[in-house]
Amino acid sequence: MSIREKHTDKMEEILEKEMYADEGFSEIDEEDQRPETQKVMKQERRQQRKNRRKNWKLRNKIAIVLSLIVSVIAIGYVGTAVFYSTHFFSKTVINGIDCSNKNVKQVEEYLEKEVADYKLILLEADNKTEVIEGKDISLKYVPGKQVEKLIKGQNPFLWIESLWKGRNMKAKIGVEYDESALKTQIANLECMKEENQIAPVNAHPEFKTDKFVVVPETDGTTIKTEEFRKAVITAVNGANEKLDLLKTGCYEKPAYTSDSKKVTEACDAMNKYLGATVTYDFKPNTEVVDSSMISKWVKVDDDMNVTFDESAVKEYVQSLAVKYDTKGKERTFTSASGNTVTVSGGSYGWKIDQEAEYNALIANIQKAETVTREPNYSSRAASHDGNDVGNTYAEVNLTTQHMYYVKDGHIALETDVVTGNPNKGNATPTGVYSLAYKAKDQTLRGTKKADGTYEYETPVKYWMPFNGGVGFHDASWQPTFGGSRYQTNGSHGCVNMPPEMAGKLFELISAGTPVVVHN
């Protein structure tokens, strides 16, 4: 037996003892002492020892590999950190310029090249752009310590963060330029011209269909000059390629937006005025004051203060008076004889009491009432349709010295008359009047003189005044009527009638009846 075999057997014996010791055996059973049994056991133990050696070697290899991997990673991480002690991290942007993995010299060289061809693009509203070129302001690069300070400010051992986290850095790049030239360039930009600027519009209440709604704000293009100038200077100093005027706040902004509480409150306050509907009855016509009309009278100022324009209400009432008042106005009248005449003056006709109607309309609006009514009148007439005297009236034709009483469109009475003497300044005044009243057995008197007597005193049986002291009455002293007698023996202004005809008129006519006097 060789020394190697003896050594192997010895080692197997030692391992066998260890195995038995490990398995808790202190002795070998007698049965196990048989030669064939011992042989099998030795083979099994030998195989187990081989397996143990393999496992031990494998674990050693794994440990060595892991150690090597950790060492490589550590060396790589430290090596990378050393690299980034003189280089910017990846995803590093300085003043809008990508400086990833560049050292100070590379960044400086890049910046110098960028400055040489520098253009600042101004991104304006409505997709408009303008350009300020470096050559127009004598821009040149001046090396400095800014880039070096930035790179010293980064912790190189935190470089791994740059794999998912970018860095956007600001630095005052070393540039020089002609400040006066830059000022001129800014002033000459199209966006700075007043005619190209549109003022922003606040969100505000606006009437739509039947109520006020909030109209959103619009930004406009009015430049905030000082903010814009500073933004341009900052961009040039940083060699930035673009300047977005909207994002940098260079435009005037609306004071109120659609989300502003004051705007919504103002809108609600304005809608409270819109509940009334007032329908004016001007038979056969109507005029309606509803939400669309009232909305014109509700105002809101730039500070969202809501007011009700009372002067506008007065103007509206005045417009009704202009449209429908007839009192004292010139009107066309078709006489009983069939002729068309023009009559003006007189006390008869429609006249709206504007003050009373203003107060009534304001009250309707405040109470949100829905009503149909006439306006308040200080003077009324018979009709709004066509001629306001209607179809029942008295007519005096001064030229023909003839009068008519028309009842329901038909001539109920007509007669010659004698009117006031124009040659003595007593001509009967033309115009449309209303019969004041009627009375019997009256004495008509002229002006009272100093001695207490009157210029004249004339007893009449039938008295029907329509214009102060001017009226219809019987004139028994007149021998004839009509013709030209009025020019020589005319009255003091009254309409002298034959006694019989005066009596008939007295029975037919009533107070309030229109009286039309014309030439």
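Values below: all heavy atoms of this structure, side chains included; hydrogens, waters and symmetry mates excluded.
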Given side-chain hydrogen bond (donor to acceptor under 3.5 Å, both in side chains), test Ser100 with Asp98 step by step and report yes or no. CA-CA 6 Å; Ser100 300; Asp98 186 4; 2.7 Å; yes

Residues 234-281 vs ring-ring contact (aromatic ring centres under 6.0 Å, His included), sequence neighbours excluded, gives Tyr273-Phe308

Residues at least two apart in sequence or cross-chain that pass ring pair (Phe, Tyr, Trp, His ring centres under 6.0 Å) with Trp297, listed by chain then number, are Tyr316

Trace of the side-chain contact (heavy atoms from CB on, under 4.5 Å) decision for Glu124 with Thr129
CA-CA 6 Å; Glu124 301 170 3; Thr129 59; over 6 Å; no

* Taking side chain as C-beta onward, heavy atoms only, is Leu120 less than 4.5 Å from Val131? -> no

May I ask you to check whether Phe83 and Trp159 place their ring centers less than 6.0 Å from one another? no

**Request:** Could you check if a side-chain atom of Lys128 sits within less than 4.5 angstrom of a side-chain atom of Cys191, using non-hydrogen atoms only?
**Result:** no

Compare all side-chain heavy atoms of Val406 with those of Asn391 and state whether any distance is below 4.5 angstrom. no

Correct closest heavy-atom pair for Ser162 and Lys91 would be O-CD, 3.3 Å

For the residue pair Phe333 and Tyr393, is the inter-centroid distance of their aromatic rings smaller than 6.0 Å?
yes

Rounded to the nearest 0.5 Å, the NZ atom of Lys299 sits from the CG atom of Asp301 at a distance of 12.0 Å

Rounding to 0.5 Å, atoms CD1 (Ile223) and CD (Gln197) come to a distance of 5.5 Å

request  = Show the numbers, then the answer: is there a side-chain contact (heavy atoms from CB on, under 4.5 Å) between Phe88 and Leu150?
outcome  = CA-CA 9 Å; Phe88 287 104; Leu150 289 177; 3.8 Å; yes

Minimal heavy-atom distance between Ala203 and Met304, with the atoms involved, is O-CE, 3.4 Å

* Aromatic rings Phe282 and Tyr324: how do their planes relate, parallel, tilted or perpendicular, breaks at 30° and 60°? -> parallel

Residues at least two apart in sequence or cross-chain that pass ring pair (Phe, Tyr, Trp, His ring centres under 6.0 Å) with His518, listed by chain then number, are none

